[in-house]
Amino acid sequence: MAKNRFDHTEIEKKAQEKWASLDLYQTDLTDTTKDPYYLMFEFPFPSGDLHIGHWYAFALTDIFARYLRMAGKNVLFPVGFDSFGLPAENAAIKNGKPTPEWTYNAIDTMRGQMRSMGTSVDWSKEVITSDPEYYRWTQWLFLKLFEHKLAERREAPVKWCPKDATVLANEQVIDGKCERCGTDVEEKYLTQWFLKITDYAERLLTDLDPLPWREDIKESQRAWIGKSEGAKLRFQVVSTENATTPSDKPDGSTAIEVFTTRPDTIYGVTYVVLAPEHPLIDTFEPLITNGGAVAAYRQATSRKSERERSENKDKTGVQLEGVMAMNPATREEIPVYVADYVLASYGTGAVMAVPAHDERDFVFAKKFNLPIKHVIDPITGHEQTDPKHKNKIVAVVEHEGKVLTIKWPEELGGRLLVGGTAEEGEDPAVTAAREILEETGYADLELVEQAQEQVHHSYFAFSKNQATIAHTTLLHFRLRSNRMEETQLEADEIGKFTVEWVTPDVARKEIHDDQHQYTLARFTNYSAYTGNGTLSNSGSFTGRDNREAMADIIEAVGGEVRTNYRIRDWLVSRQRYWGCPIPIVYDPEGNPHAVPAEHLPWTLPTDVDSDSGKGQSPLKASKELAARVEQIFGEGWTPECDTLDVFVDSSWYFLRYLDPKDEHDFSNQSLMKKWLPVNRYSGGSEHTTVHLLYARFFYKALYDLGLVPTSEPFYERFNRGLVLDSEGRKMSKRWGNVVNPDEMVKLYGADAVRMYLAFMGPYNEAGHYPWKLTGVEAMRKFLDRIVSLSGRLSDEEPSEATLRVLAKAIDKVGTDITRFKYNTAISGLMVLVNELEALSAVPRRAYHDLISLLAPFAPHVAEYLYENALLTSSHAGAVETIEIPKSVHELEWPLVDESLLTTETIIMGVQIAGKRRGEVSLSLEATEEEAVAAALSQPDVAKFLEGGTPSRVIYVPGRILNLIP
RNA sequence: GCUGGAGUGGUGAAAUGGUAGACACGCCUGCCUUAGGAGCAGGUCCCUUCGGGGGUGGAGGUUCAAGUCCUCUCUCCAGCACCA
């Protein structure tokens, strides 16, 4: 048995009872004597059990809450339950219980478990999203959005999960599968409610910039919003022939609108593609001569899920024969295709295809044998002023799968293809043949291809002292025979290089020159060139930089600048029982009307439950709801039978925390002014995009309606890492490796578990930390050591050395907690304990501070020690203080005596030429002369200086003395 | 593929440009012990001729000084991905 073991079960029970009886954690939100600090973690959904991940989420945020209180803040640290939604519903079905009953039982269990961790949450602020008192206001806010046209109904293709029998939001579809159950998602057309988050795309993006969030969090949100800037261009439709009657023809103004980010490549457009769902296809029907094929293709793709479509990157499609479009730049008639690589839901559902400069169009064009027209010449090298122009060639010569290369010494360019300069007016093919012959001797060549595009290479020719632009023509030859002739080299070239045949792979690896790289790729691995360069084949724009000409081109073809976002409107309708009823009713004509405020909460009927629906909304089966609607609104009126996505519930819960019982408003205006935005919001990385983005949108919408005081809801956002099992695997029920904290708590105590979680690694990083039993044990031993120190208290004042150690620890622990670097904070505590243990007796004052620092991490043990070693001691009794705090958690965070943090003399490293050779004890104010003198008096230093005097001295007082011999 | 982030002992990890590996786990040695899943003391990056030398994925660079800053490169993680 260890010395001084404490009975954690008993002290935890006592401490928790004490805190409850003292009412320690009820925050007075109207208090004006202290700074408010709103600390929040993501409220859990009631899963019915608490695992180590919950501890990590709640107990570790609690450390900061406890610290903040001691540091004199008025801390709001609330909790609630995200109790509507699929997980609860599914669990209830599985357990054969009515959903509400199961949910509220689970909440009750979780409350108890959260108390057992020693969390100091304020239960008086609890919100439960499935309570009518809460969802009444969810409905009220939804109606506000409806009133301002931010909530609207429309028919749309929706993702349908056949297993869960519900519609899913885009964000709940992962790789084309249902986020919850992994079933392949199907598409279905339904009339649904949407919240218009797209209206806020730009603000959600730009308001991200000033937020002090981690870059990866911001980046995820940016990617999700997916802004792209480009243009909307119109392609006039022309029919090739024989529409039956003129009136069947679409009128002359019919045009295909496309969105493109590359309007600069318009001259390279060789066809246009429509998404299979594009409505214009129906309009074109009378013109289409291959209607059967088109209809068949559209039907085939509609049967495919979006997953199947995107999984199979093989491009498919069919031409709309009889329909042509006109390239607005070249006035050429180009074919129109239907292909499912174009998405109906993005941009205009139609694209202009530029095979030469877009990978996807390139693949499609190759497959369907469509023309590839280059309109951008790559530029390589560095821009030069006043350059001389030269025509050059670079040639790929192929023979038996190998490529002819010339190996120069590295300084002359290393491995290259054959290249050379053209003579005035010379045909590039002639130049190439000549250069190949001169350099390699090969004489029997066949020209395979001369590229449409050139490469423009800017460089400075040092040999001629001349800035130069080479306009390089790219050629592709095949060796017809091995016939060779005498090479004709310049005198200075002889013997400098070797001619080598290598595989294209070797050539790709070893050729470093950009022009030659491009040429090689162009003929051996042809693909689209998506980079920038000089426009060619582009009418009056030829020769201009593609980026610079962009705006002019858009104007010239009558297009308009346009920004597009990837984010779609938020589909909030759910065909499920366990959710917030949408407070909408339909008149006999089917028009939606808001349920008037006096009828809120618009309660969820209880005469149906989760499985009443059988694939449609369960509420449709509710007689009570139907009757209620008819009674209030009249005969023929019907209820909306879908419920709201749970992410609506969780988009505003942090507002309700401020005034959870308010019956007149969703929150309290003056409290919102005082407490918002939330100072720090801690959560899991899985909520970075969906929840966090939705909550930001919802809040911004409320801001615009004047309902909340700021434009962003969360000032700081911290994503915590993941706790893995001892093998480093993710914990999951499926693996059966979920760590049950109860056992650990029973064995070592809640405080040891808290401290181990805190000690594993930084809490503010997305790290993955393996759960190790030995680690919890170590924390328990550490706590035992602190407890055993209490047996060696003395009333003597601490020595200066002890005071310094103490000051350092106070400073470090406080700063590190604030930064969510609990691991180094605890290491600071350990250093302190190590020092105190080395003393013959522990000064009571030092112990008092130690216990204060310990309190946020190990609230129960700290309470126990405070009560039994400090409060009850004769010393404490003797002090005539006005009021001694009853709990360790009412203590103030110890003050740091700044003067103790810096010492008068410090040990400073001495470097000779940057290598550490010794150290000197010096005053902070020591002059350079004194420092050098002190250093020179050290034998080691003198030795490394070899007796000489330093030629240079770098002296940074308090940091380093570096002597250069 | 694109965009972000990160690479440091056997492990989790520390290091405002200034003594790399704090603090722990694990391991090793010793003490105490009938015993050890207890406690205590010491050791634990590599090489070494014991003077030192080398070392933070790799290669360069900036600097008196680089884990830290810059360039290139490799690897891993995350988000996005047929988004025009």
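Each chain gets a letter, A, B and so on, in the order its sequence line appears, and its residues count up from 1. Basis for what follows: all heavy atoms, side chains included, without hydrogens, waters or symmetry-related copies. From a predicted model like this one, the values you see are computed outputs, not experimental measurements.
Ring geometry for A:F857 against A:Y822 counts as perpendicular: the plane angle is over 60°, on a 0 to 90° scale with 30° as the lower cut.
In B:G10 the base sits anti relative to the sugar, since the glycosidic angle is further than 90° from 0. In B:G9 the base sits syn relative to the sugar, since the glycosidic angle is no further than 90° from 0.
Residue A:K781 has no polar side-chain atom (N or O) positioned under 4.0 Å from OP1 or OP2 of B:C25. Between A:S228 and B:A84 there is a side-chain polar atom (N or O) within less than 4.0 angstrom of OP1 or OP2. The side chain of A:Y341 contributes no N or O atom lying less than 4.0 Å from OP1 or OP2 of B:A84.
Between the C1' atom of B:C82 and the CG atom of A:L274 lies a distance of 16 Å, rounded to the nearest Å.
Because its NZ or CZ atom is both nearer than 6.0 Å to the ring centre of A:F6 and within 45° of the ring axis, A:R780 counts as a cation-pi partner of that residue. With A:F259 as the aromatic partner, A:K232 does not meet the cation-pi criteria of under 6.0 angstrom to the ring centre and within 45 degrees of the ring axis.
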Stepwise side chain to side chain contact (heavy atoms under 4.5 Å, CB included) check, A:E837 with A:I786: CA-CA 9 Å; A:E837 272 180 342; A:I786 293 178; over 6 Å; no
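Between the side chain of A:H374 and the backbone N or O of A:I376, no donor-acceptor pair lies under 3.5 Å. With hydrogens and angles ignored, the 3.5 Å screen pairs a side-chain donor or acceptor of A:R696 with a backbone N or O of A:L204.
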Per-nucleotide pairing state of RNA chain B [Watson-Crick or G-U, under 3.5 Å; [ ] pseudoknot-crossing; | other strand]: (((((((..(((.....[....)))((((((.......))))))(((....)))..(((((..]....))))))))))))....
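Across all strands, A:D361 comes closer than 4.0 Å to no nucleic acid atom at all (heavy-atom distances).
Here, B:A38 and B:G58 have their C1' atoms 47 Å apart, quoted to the whole Å. For the C1' atoms, the distance linking B:U19 with B:C45 amounts to 16 Å, nearest Å.
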